[in-house]
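To find a chain, count down the sequence lines: A is the first, B the second, and so on, and within it residues start at 1.
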Amino acid sequence: MQYDHKKIEEFWQEYWSKNETFKASNTSDKPKYYVLDMFPYPSGAGLHVGHPLGYIASDIYARYKRHKGFNVLHPQGYDSFGLPAEQYAIQTGQHPAKTTEENIKTYRRQLDRIGFSFDWSREVRTSNPEYYKWTQWIFIQLFNSWYNKDSDKAEDISTLVSIFSANGNSEVNAVCDEDISIFSADEWNAFSDKEQQEILLQYRLTFLSDTEVNWCPALGTVLANDEIVNGVSERGGHPVVRKKMTQWSMRISAYAQRLLDGLNTIDWPQPLKDSQTNWIGRSQGAMVSFDVDEHDAKIDVFTTRPDTIFGVSFMTLAPEHELVSRIVTHEQKDEVNAYVEATAKRSERDRMADVKTISGVFTGAYALHPFTGEKVQIWIGDYVLASYGTGAVMAVPCGDQRDYDFAKHFGIDIPNIFEGVDISEQANDAKDGIKLANSDFLNGLNYKKGMKTVIYELEKRGFGYGKTNYRLRDAVFSRQRYWGEPFPVYYKDGMPQMIDAKHLPIVLPEVEKYLPTEDGKPPLGNADVWAWDTTKNEVVSNDLINNETIFPLELNTMPGWAGSSWYFNRYMDAHNENEFASKEALDYWKEVDLYIGGSEHATGHLLYARFWQKFLFDRELVPVGEFAKKLINQGMITGTSAFVYKVFGSLRFPKVFLSKGYYERAKDNLGMLHSRLKTIHNESNKSWEPYIDYDLDIIPHHTDVSFVDSSDELDIEKYKKWRPEFSDAIFIGEKGQIIDCDNDKYIVGREVEKMSKSKYNVVNPDNICEEYGADSLRLFEMFLGPLEQSKPWKTSGISGVYSFLKKLWKLYHSGENGEFIVSQDAATKDELKTLHKTIKKVDEDIANFSFNTSVSSFMIAVNELSALKCNKREILEPLAVLISPYAPHIAEELWSKLGHTTSISTAEFPVFEEKHLVESTKNYPISFNGKMRFTLELPLDMNKEEIEKTVMAYEKTQEQLAGRTPKKVIVVPGKIVNIVG
RNA sequence: GCUCAAGUGGCGGAAUUGGUAGACGCGCUGGAUUCAAAAUCCAGUUCUUUCGGGAGUGUGGGUUCGAUUCCCACCUUGAGUACCA
């Protein structure tokens with residue numbers, strides 16, 4: 001019987017699903033282990049071979065952990081709210097739910113075919129009302145919470161209300177909006193309900209505010225900072241402008257420090273930690289107040305270098321700064337206004353792109369230096385950003401290059417406050433080993449001491465205080481989209497009201513159009529039934545809205561990251577209707593032990609999910625403050641695009657394509673190409689016009705990779721069929737001949753690019769499973785290279801792992817007709833050595849996540865066993881278990897042929913015994929290479945003690961020979977023995 | 001600009017407490033089998049050589065008996081980030 005991957009894989013996939021082999025229990029004597037993949041967004045294009053890479057890795061680990069005796073939770077689901085389904089709906093009118101449902105079906109079919117050990121009974125979909133009911137519920141919890149800096153955690157809003165009614169807000173140390181006015185207990189109690197609500201909203205962890213947001217007119221929605229790349233939308237590349245809108249925001253800034261601290265407690269990749277650290281952007285320094293001369297105003301600045309305060313020679317405000325209009329002098333007014341207007345017109349993108357140009361205007365006003373009392377000019381300049389710090393800087397031109405450039409450009413003084421440093425060419429931004437000068441009480445101090453001293457003085461004299469600043473902004477949580485979670489919010493008297501949790505979910509209403517309304521409201525503005533009846537507690541028609549009991553519902557929906565910020569907790573108890581997960585389930589599974597996914601989520605999903613987890617932890621809704629102990633970023637599998645080279649120009653003859661080699665020569669020598677084309681014309685008996693223009697060019701075109709074989713030769717017939725407009729084209733081969741019969745080859749150009757439909761380089765895993773089987777696909781994806789690295793797909797390489805599987809099969813199907821034969825004889829030393837070498841390697845490899853090298857050891861093992869003609873049960877049985885995480889189907893098949901009636905996934909991982917390696921040590925020749933290195937010749941059956949004895953004896957000889965005492969002796973059984981002097 | 005990661009055959013990649021560089025696979029070459037092809041099996045495959053050797057892990061230095069591995073400088077590539085005061 002031949003190795004029939006199709007039959008085997010179909011059989012076992014059905015078996016697993018029927019027997020619910022991988023269903024995890026929430027109670028077990030075994031230790032728990034939670035392996036999670038980042039759940040996919042089910043796009044219309046389906047899976048390509050790049051997608052399952054991380055899933056295969058996590059599946060191998062999950063299966064391995066089962067063999068090691070763990071109760072493994074390995075779930076999967078869908079992040080099914082998203083923009084593509086909505087845009088498709090806008091174009092076709094098809095409901096996104098329907099598109100999503102269809103796409104999920106395709107995904108599920110494709111995933112099933114690869115043989116994952118997912119527990120599908122726990123599947124979640126973020127767009128299911130049973131799921132987003134709890135997303136809405138968490139939103140309500142956030143609304144009902146405030147951040148107490150004294151206890152350093154989120155607390156119920158009721159604790160804040162009781163403080164207010166007892167003591168007012170002057171003593172409250174909370175993370176809240178800036179510029180909150182102080183009130184007493186009496187004042188609080190005298191406030192109207194609406195006034196109280198307005199104040200509380202400034203403290204809640206999710207709050208409404210008029211924020212300047214990134215508005216994308218083309219998409220009709222607001223985008224978060226991480227959804228914008230180079231000033232255009234990440235999806236679609238549309239321009240983005242700044243716009244003020246009333247939006248829900250999440251007070252993630254409250255958690256800035258804890259999100260930073262938490263990074264030290266989790267095993268995540270360093271680059272990812274770095275980018276989160278960077279994104280949070282903690283910087284330590286001081287706030288300093290400068291009085292404005294002749295005005296009752298202060299300019300607050302944040303600086304990381306307060307020690308350089310005696311180097312201040314001017315101040316710069318952002319053009320948007322609120323003080324600008326107040327302090328500008330009469331003479332400077334026109335100039336300043338013109339500048340402010342000009343900057344406002346420029347988009348963020350222009351300002352970013354135009355870093356080099358120095359621009360700014362003097363306001364005519366002066367600030368007073370807090371220590372010297374000197375007058376310093378106040379300028380405005382667009383190099384100062386309104387959104388960071390206070391929107392104003394104290395400029396120290398000798399210590400900051402931007403201030404330096406600005407001062408040089410406008411001829412402002414550049415006082416030097418660094419001892420022995422030349423600042424005639426550029427600013428000095430070095431800190432170490434430099435002492436301050438011309439700095440009054442800071443003279444002679446270094447950076448560190450200067451910082452301490454100046455902050456002490458600032459605080460003592462009331463000019464400022466030490467401060468830690470974060471770059472992390474509060475996250476805008478509203479989207480003007482249809483296909484997202486509706487807010488459980490209605491508006492009474494203009495104030496947002498939460499719908500009581502027992503009436504959730506608030507289900508997405510039907511709409512006729514998925515576009516924003518004509519008066520600019522979000523798509524939910526199209527819904528007729530979208531009002532809240534507070535007496536019946538249900539969603540009712542908009543026509544019924546009145547002032548008494550029925551109110552309009554929120555028209556925005558939640559962003560994509562809402563549902564993905566807590567889904568890992570839902571898998572623990574996916575069907576619970578009373579809680580988002582039961583306490584028992586949460587206490588049992590606690591957190592994800594291994595999380596695998598792409599690094600592109602570093603400052604999006606992974607940061608927001610940590611934020612929500614910390615919030616839920618504060619409110620004692622989850623038992624741990626970090627949701628994933630270990631995280632691995634799998635690399636991307638890129639495509640290998642293929643190119644044909646089309647001759648282009650105002651040619652009056654049929655289309656011509658050049659083979660790669662000929663193209664390489666012709667592209668720099670178009671004259672040669674021209675005469676060649678002429679010759680070809682003369683030789684050719686085809687009837688095309690003889691005229692050839694000199695204006696030649698060659699353009700590479702993508703061609704579908706499925707028309708190209710492993711040696712990069714193009715199947716011209718297939719290409720012509722695919723592109724009928726080129727059916728009469730002429731193909732010129734490597735040597736410059738017209739390709740007629742078999743006289744020449746057409747070779748395509750190759751380039752590694754991201755897999756994408758438009759580049760025709762997508763490889764579908766279905767086709768690979770069909771031809772080589774899922775086991776081959778799994779082995780090959782691992783074999784391609786290290787998990788974390790991105791690497792190009794090359795289908796030709798798969799033959800290696802495929803023939804490995806065939807060899808393994810043949811080893812145990814050696815009967816005349818290929819029937820299963822297994823020997824009961826005891827294994828020989830060499831056979832045991834092969835087995836145990838493999839056990840050791842595979843065990844280590846999986847523990848280190850270097851899956852690629854285990855595939856190599858499987859191949860070595862099977863090659864060695866084939867050479868020994870070993871088909872013994874004693875070897876096969878453990879070998880099948882070793883291979884089963886990687887190639888589960890063939891492993892199950894062999895396992896059942898060995899007479900087992902349960903799945904191989906219940907088998908124990910074989911135990912490595914070192915004696916099998918030591919005892920089969922081979923002979924090693926001595927080589928004396930002139931100095932201190934020796935390799936010992938050891939007898940065949942020498943054991944460990946004997947080796948050590950021999951080495952000891954040898955050490956002595958060496959001591960005499962070299963006159964030195966050896967420092968270290970390395971004994972590697974089966975390899976070499978070295979003596980190091 | 002800054003931060004991080006990485007540079008090893010024709011290709012993907014092995015080799016980490018510093019100890020036989022190029023495992024394993026692809027590709028290629030030769031052979032066996034075959035009418036032929038596919039499949040399979042065997043041998044070879046870093047470069048160079050006067051067949052003794054010699055050189056060799058981006059470049060140049062350093063530490064060491066010994067460096068792909070550690071240190072310094074530089075070059076290249078990739079990723080992230082960017083007027084953050």
Side-chain angles (χ1 to χ4, degrees), chain A residues 2 229-230 269-279 281-283 285 288 301-306 308 315-316 318 351-358 381-385 387-396 399-403 405-406 429 469-472 599-600 602-603 633 635-636 640 710-712 750 779-780 783-786 788-804 806-807 810 841 850 852-861 863 866 924-925 927 929-935 962 964 966-968 970 972 975-981:
Chain A
Q2 289 285 308
V229 179
N230 295 331
Q270 198 54 44
L272 195 146
K273 286 186 180 182
D274 288 346
S275 75
Q276 288 206 350
T277 305
N278 207 321
W279 191 262
R282 178 192 153 107
S283 50
V288 186
V301 298
F302 174 76
T303 173
T304 54
R305 294 295 303 273
T308 62
M315 317 264 308
T316 313
R351 273 171 79 169
M352 266 162 58
D354 186 22
V355 176
K356 297 262 153 58
T357 319
I358 296 164
D382 67 359
Y383 80 97
V384 175
L385 301 177
S387 58
Y388 183 77
T390 59
V393 300
M394 60 175 223
V396 183
D400 182 289
Q401 194 57 43
R402 289 157 302 165
D403 296 343
D405 294 341
F406 195 86
D429 50 13
N469 215 31
Y470 298 92
R471 198 180 71 119
L472 184 68
S599 58
E600 67 273 20
T603 53
N633 292 130
M636 200 174 32
T640 313
S710 55
S711 54
D712 293 350
R750 290 289 203 172
L779 283 166
F780 185 54
F783 187 66
L784 271 176
E788 292 93 334
Q789 208 170 296
S790 79
K791 53 239 158 191
W793 177 270
K794 261 198 146 184
T795 304
S796 58
I798 206 168
S799 63
V801 291
Y802 186 51
S803 64
F804 152 72
K806 283 194 286 193
K807 253 186 241 174
K810 233 171 85 180
K841 189 78 170 68
S850 59
N852 53 331
T853 48
S854 337
V855 182
S856 297
S857 23
F858 293 144
M859 291 180 180
I860 294 167
N863 281 339
S866 297
Y924 279 88
S927 81
N929 73 355
K931 282 204 168 173
M932 294 296 288
R933 201 172 92 200
F934 306 90
T935 306
R964 298 176 64 163
K967 280 185 205 153
K968 199 163 84 176
I970 301 165
V972 185
K975 276 191 102 180
I976 16 158
V977 177
N978 287 307
I979 297 175
V980 181

Q: Report yes if some heavy atom in the side chain of A:N633 is under 4.5 Å from a heavy atom in the side chain of A:L272; otherwise report no.
A: yes
Looking only at atom P, what distance separates B:C74 and B:G30, rounded to whole Å? 49 Å
Quiz item: Is any side-chain heavy atom of A:T316 less than 4.5 Å from a side-chain heavy atom of A:Y383?
Solution: yes
Report task. Using the C1' atoms only, state how far B:A73 lies from B:U81, rounded to an integer number of Å. Result -> 26 Å
Using Watson-Crick geometry (N1-N3 plus N6-O4 or O6-N4) or G-U wobble (N1-O2, O6-N3), each under 3.5 Å, B:A15 is paired with none
Rounded to whole Å, the NZ-C1' distance (A:K807 to B:C42) equals 12 Å
Report task. Tell me, with the steps shown, if A:M315 and A:V393 meet side-chain contact (heavy atoms from CB on, under 4.5 Å). Result -> CA-CA 6 Å; A:M315 317 264 308; A:V393 300; over 6 Å; no
Classified by glycosidic angle (syn within 90° of 0, else anti), B:G9 comes out syn
Atom CG of A:N633 and atom P of B:A79 are separated, to the nearest Å, by 15 Å
* Using atom P of each nucleotide, how far apart are B:U16 and B:A23 to the nearest Å? -> 15 Å
Answer for the Watson-Crick or wobble partner of B:U40, both distances under 3.5 Å, is B:A32
Here the distance between atom C1' of B:G80 and atom CH2 of A:W279, to the nearest Å, is 11 Å
RNA chain B nearest-nucleotide lookup for A:Q270 and A:S599: closer to the 5′ end is A:Q270
Fill in: Near-ring test A:F780/A:W793, centroid separation under 6.0 angstrom
yes
- Does A:R402 have a side-chain nitrogen or oxygen under 4.0 Å from the phosphate oxygens OP1 or OP2 of B:C84? yes
Answer with base, sugar-phosphate or nothing: what part of the nucleic acid does A:S857 contact at a heavy-atom distance below 4.0 Å?
nothing
- Message: Between B:G18 and B:G66, how far apart are the two C1' atoms, rounded to whole Å?
- Response: 8 Å
Any strand, both distances under 3.5 Å, Watson-Crick or G-U wobble: B:A55 pairs with B:U46
Quick note, A:T304 side chain, CB onward, closest among B:G25, B:A85, B:U40 is B:A85
Is any side-chain heavy atom of A:Y388 less than 4.5 Å from a side-chain heavy atom of A:S283?
yes
Could you list all N or O pairs between the protein and nucleotides 11-13 of chain B that sit under 3.5 Å apart?
residue	atom	partner	partner atom	Å
B:G12	O2'	A:L784	O	2.6
B:G13	OP1	A:Q789	NE2	2.7

Side-chain contact, heavy-atom cut-off 4.5 Å: A:R305 with A:V396?
no
Re B:G9: Watson-Crick or G-U wobble partner, both distances kept under 3.5 Å, found to be none
Checking B:A85, B:A23, B:U81 against the side chain of A:N278 (C-beta onward), the nearest is B:U81
**Prompt:** Does A:Y383 make a side-chain N or O approach to OP1 or OP2 of B:A85 shorter than 4.0 Å?
**Reply:** no
Rounded to whole Å, CD of A:Q2 lies from P of B:U40 at a distance of 10 Å
pair_partner(B:G60), Watson-Crick or wobble, both distances < 3.5 Å, evaluates to B:C72
Categorize A:N469 for me: base, sugar-phosphate, or nothing, with a 4.0 angstrom heavy-atom threshold over every strand shown. nothing
Check: Taking the same atom, P, in B:A21 and in B:G58, what whole-Å distance lies between them?
Finding: 16 Å
Open item on the list: Using OP1 and OP2 only, check whether a side-chain N or O of A:K806 sits under 4.0 Å from B:U40.
Closed with: yes
In whole angstroms, the gap separating C1' of B:A85 from CZ of A:F302 amounts to 8 Å
For atom C1', what is the distance between B:G25 and B:C70, given to the nearest Å?
31 Å
Taken to the nearest whole Å, CZ/A:R471 to C1'/B:A82 is 8 Å
Of B:G25, B:C26, B:A85, the nucleotide closest to the side chain of A:S796 is B:C26
Check every strand shown and say whether A:K273 touches a base, only sugar-phosphate, or nothing at a heavy-atom separation below 4.0 Å. nothing
Re B:C2: Watson-Crick or G-U wobble partner, both distances kept under 3.5 Å, found to be B:G80
Here the distance between atom P of B:G80 and atom CE of A:M636, to the nearest Å, is 9 Å
When you compare B:G61 with B:U68, how far apart are their P atoms, in angstrom units rounded to a whole number?
15 Å
Say we look at B:G7 and B:C71: how far apart would their P atoms be, to the nearest angstrom? 14 Å
For B:A67, the nucleotide meeting Watson-Crick or G-U wobble distances (both under 3.5 Å) is none
Residues passing the side-chain contact (heavy atoms from CB on, under 4.5 Å) test with A:K810, sequence neighbours excluded, are none
A:L472 CG to B:U81 P, in whole Å, measures 14 Å
